[in-house]
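Whatever order the structure lists ligands and atoms in, that order sets their numbers, starting from 1. Excluded from the calculations below are hydrogen atoms, water molecules and symmetry mates; all remaining heavy atoms, backbone and side chain alike, are included.
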Amino acid sequence: MEDGQQKEKVKPLGFLKPSSMMTVSSRFKTHQDSLPRLPVPPLQQTLDHYLKALQPIVSEEEWAQTKQLVEEFQTAGGVGERLQKGLERRARKMENWLSDWWLKTAYLQYRQPVVIYSSPGLVLPRQDFVDRQGQLRFAAKLIEGVLDFKARIDHETLPVEYLGGKPLCMNQYYQILSSCRVPGPKQDSVTNFSKTKKPPMHITVVHNYQFFELDVYHSDGTPLTSDQIFTQLEKIWNSSLQTNKEPVGILTSNHRNSWAKAYSTLIKDKVNRESVHSIQKSIFTVCLDAPMPWVSEDVRRSQVAGQMLHGGGSKLNSGNRWFDKTLQFIVAEDGSCGLVYEHAAAEGPPIITLVDHVIEFTKKPELVRSPMVPLPMPKKLRFNITPEIKSDIEKAKQNLSMAGRGCPVSAPHPPPPTPSMIQDLDITMLMFHHFGKDFPKSEKLSPDSFIQMALQLAYYRIYGQACATYESASLRMFHLGRTDTIRSASMDSLTFVKAMDNPDVTEHQKVGLLRKAVQAHRAYTEQLPFLQAIRGEAFDRHLLGLKLQAIEDLVSMPDIFMDTSYAIAMHFNLSTSQVPAKTDCVMFFGPVVPDGYGVCYNPMEAHINFSVSAYNSCAETNAVRLAHYLEKALLDMRALLQSHPQAKL
Ligand code: COA
């Protein structure tokens with residue numbers, strides 16, 4: 001396959017058969033049913049790839065020990081074979097052997113707060129309004145744009161997307177609206193209301209911590225126009241001017257076990273239960289935020305990123321959210337706009353497609369003013385705050401935005417305060433303007449692989465070693481596919497980054513090593529005949545499957561999963577993701593380990609937007625430093641290639 005064929009393309013869903021011959025819903029079903037099922041890779045292949053991936057990140061002794069464990073695991077008739085057979089049986093019975101397991105282990109059983117630790121955020125290009133009128137006009141247009149996109153979902157006329165020349169599963173588009181996560185004591189759930197008998201006709205609007213149910217359709221099913229929505233938003237605004245309300249939404253920012261407990265208290269009250277249900281059922285949420293405190297332009301981007309990820313704290317906008325809601329748009333009075341989304345339902349790409357649509361929609365001029373029809377006052381969602389609920393709110397505030405103590409205060413020397421979640425987040429944006437996808441393409445290199453190698457170089461220059469690196473690879477070529485892992489740290493990448501600053505290696509050799517490292521990464525992603533993550537051949541989800549199969553079969557945990565190398569391999573100091581968009585924006589998320597980084601990027605044709613996050617509580621990590629090294633790595637790699645044009649293959 002030529003690399004040039006690998007870009008995402010779209011074809012209308014109707015390509016399967018002439019649309020007149022089929023009902024809309026049968027077209028979608030036919031497309032979904034035509035997708036291949038996710039394969040279970042051969043056991044030997046996965047174990048070989050696993051051993052290979054360990055080489056750059058574990059010591060020789062650890063590797064030798066793991067090799068022995070792997071050999072024991074795969075002996076004929078041994079535990080590996082038994083688990084593999086179990087997985088293959090599961091794959092024969094299920095639509096997708098992985099997706100339910102993945103949903104549970106990656107999201108629903110994860111007990112850390114969704115805020116920072118799981119839900120990605122996005123900053124939209126800054127809007128030019130600076131007052132309430134502008135804020136509400138933009139919010140109204142944005143709502144109209146989302147409803148326009150929703151019509152495509154409802155009528156199943158969304159174009160099918162393509163990757164690597166193959167059509168992709170479109171199911172995630174049907175999960176992002178009218179959905180909400182619901183806390184549970186050991187495991188959460190996600191409820192989608194779009195296929196219920198009475199699908200929602202309203203959105204949730206929140207202003208000054210007060211929630212409203214806003215009907216966005218007339219009784220004949222036509223959506224409200226942006227003028228009409230604007231009038232309704234003004235009503236909401238005017239009836240929520242008090243700023244002393246309890247920030248009940250902040251409960252959703254807490255650890256999942258604490259929130260699950262508080263949730264059962266909250267919904268004991270009928271009024272509260274109905275209000276919560278209305279939020280959960282709504283199509284999406286719009287948060288009309290108060291302006292954030294003034295900061296200089298150079299830290300403003302990071303501040304707005306924080307506003308999207310966590311709301312800025314209990315005194316600012318964190319109570320102006322329902323973090324369990326799958327999709328929340330944020331529009332602030334000072335022109336800052338963006339979104340935060342709860343990750344269980346979908347990956348970034350469907351969210352970005354929606355955003356691209358909405359942003360284009362908001363640019364369309366309003367040609368005719370729509371007739372003003374009398375519309376009822378949007379319903380205010382009331383909460384009865386008992387002392388118990390108030391105490392839960394205080395605890396959630398404390399956890400999110402107030403510093404706590406590291407250990408009991410009775411210790412001989414008072415320990416330094418531990419940072420709150422918000423204080424702990426270190427996030428920065430790098431708008432890299434020197435080149436975009438255009439440069440690696442001109443060198444016949446995959447831009448994604450080139451960027452990943454720059455990250456490897458940046459990390460190595462700071463730490464003098466490689467680390468377990470996660471890059472999401474789409475599995476949407478398969479029915480109900482989510483993601484697997486591209487392991488960007490390879491022996492080829494390590495050889496290249498070590499050589500880059502070694503004066504004994506010639507420039508010519510460095511060029512060769514750079515190209516080899518980029519190609520090895522590309523091969524891991526997609527190229528035949530190597531490992532191909534997007535074609536279901538990567539090893540990470542397969543290993544996870546074998547582990548979960550062991551738990552399900554009640555066999556004792558195989559040694560390969562109790563091994564130091566396995567722990568190192570799963571400790572992703574670099575957790576990265578490409579989320580391409582047409583809009584000039586970038587997603588961001590928190591690191592997945594305390595001493596790690598979260599890196600997301602949107603490679604545009606002539607520039608690349610990056611976000612880098614870390615935790616302040618870790619003395620060894622620093623988001624600005626990694627961003628700085630990343631910028632330098634990209635420039636050095638370009639300079640190297642440009643200085644040796646003869647080395648082009
Ligand atoms: N020479 C010239 N051009 C090349 C090339 C080469 N050797 N290799 C790739 N290109 C071109 C491609 O054709 C494409 O062109 P386009 O800009 O016209 O579309 C462009 O470079 C980008 O390709 P590349 O950088 O290689 O990335 P990709 O689009 O193949 O994406 C992944 C790679 C891993 C990001 C993608 O397969 C994937 O899995 N995406 C989903 C990730 C995800 O789910 N993230 C969200 C998690 S929340």
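Remark: the T583 side chain and the D356 side chain contain an N/O donor-acceptor pair separated by less than 3.5 Å. Between the side chains of H521 and E471, at least one donor N or O sits under 3.5 Å from an acceptor N or O. Residues D289 and Q307 have side chains that bring a donor and an acceptor to within less than 3.5 angstrom of each other. In this structure, a donor-acceptor pair under 3.5 Å is absent between the side chains of S446 and D448. Defined by atom type and a distance below 3.5 Å, a donor-acceptor pair is present between the side-chain atoms of Q187 and Q109.
Taking a cut-off of under 4.0 Å to the non-hydrogen atoms of I486, the atoms of ligand 1 that pass are 34 (C). Residue contact check: H343 has heavy atoms under 4.0 Å from atoms 48 (S) of ligand 1. Within the listing of ligand 1, atoms 37 (O) sit less than 4.0 angstrom from a heavy atom of L163. Taking every heavy atom of T525 and a limit of under 4.0 angstrom, the matching atoms of ligand 1 come to 34 (C). Close contacts of ligand 1 with E471, meaning ligand atoms under 4.0 Å from a residue heavy atom, involve 34 (C), 35 (C). Applying the 4.0 Å criterion to heavy atoms of I534 picks out, from ligand 1, the atoms 37 (O), 39 (O). Within ligand 1, counting atoms from 1 as listed, the ones closer than 4.0 Å to a heavy atom of S474 are 38 (C), 39 (O), 41 (C).
Under a 4.0 Å heavy-atom criterion, R476 is not in contact with ligand 1. Ligand 1 does not have E526 within reach: every non-hydrogen atom of the residue lies 4.0 Å or more from it.
Taking the centre of each ring, F28 and Y174 come in below the 6.0 Å mark. For F432 and H607, the ring centers sit 6.0 Å or farther from each other.
Between Y566 and Y50, the angle of the ring planes goes over 60°, which puts this pair in the perpendicular group of the 30/60° scheme. Under the 30°/60° scheme for interplanar angles, the aromatic rings of Y173 and F149 are found to be tilted.
Nearest residue to atom 26 (O) of ligand 1 from G436, A473, S446, G481 is S446 (criterion: closest heavy atom). Of all the listed residues (S442, S577, A533), S577 holds the heavy atom that lies closest to atom 47 (C) of ligand 1.
At a heavy-atom distance under 4.0 Å, only side-chain atoms of P349, from C-beta outward, approach ligand 1. Neither the backbone nor the side chain of M587 has a heavy atom within less than 4.0 Å of ligand 1. Of all the heavy atoms of D448, the ones lying under 4.0 Å from any atom of ligand 1 are found in both the backbone and the side chain.
Distance alone, capped at 3.5 Å, is enough to place a donor-acceptor pair between the R541 side chain and the T483 backbone. Proximity of a side-chain donor or acceptor of E342 to a complementary backbone N or O of A344 within less than 3.5 Å is detected.
For ligand 1, the polar-atom distance check finds no N/O of Y341 at less than 3.5 Å from any of the ligand's N/O atoms. Residue K437 has at least one N or O atom closer than 3.5 Å to an N or O atom of ligand 1. An N or O contact shorter than 3.5 Å links K444 to ligand 1 by distance. Considering backbone and side-chain N/O of R522, one or more are found under 3.5 Å from N/O of ligand 1.
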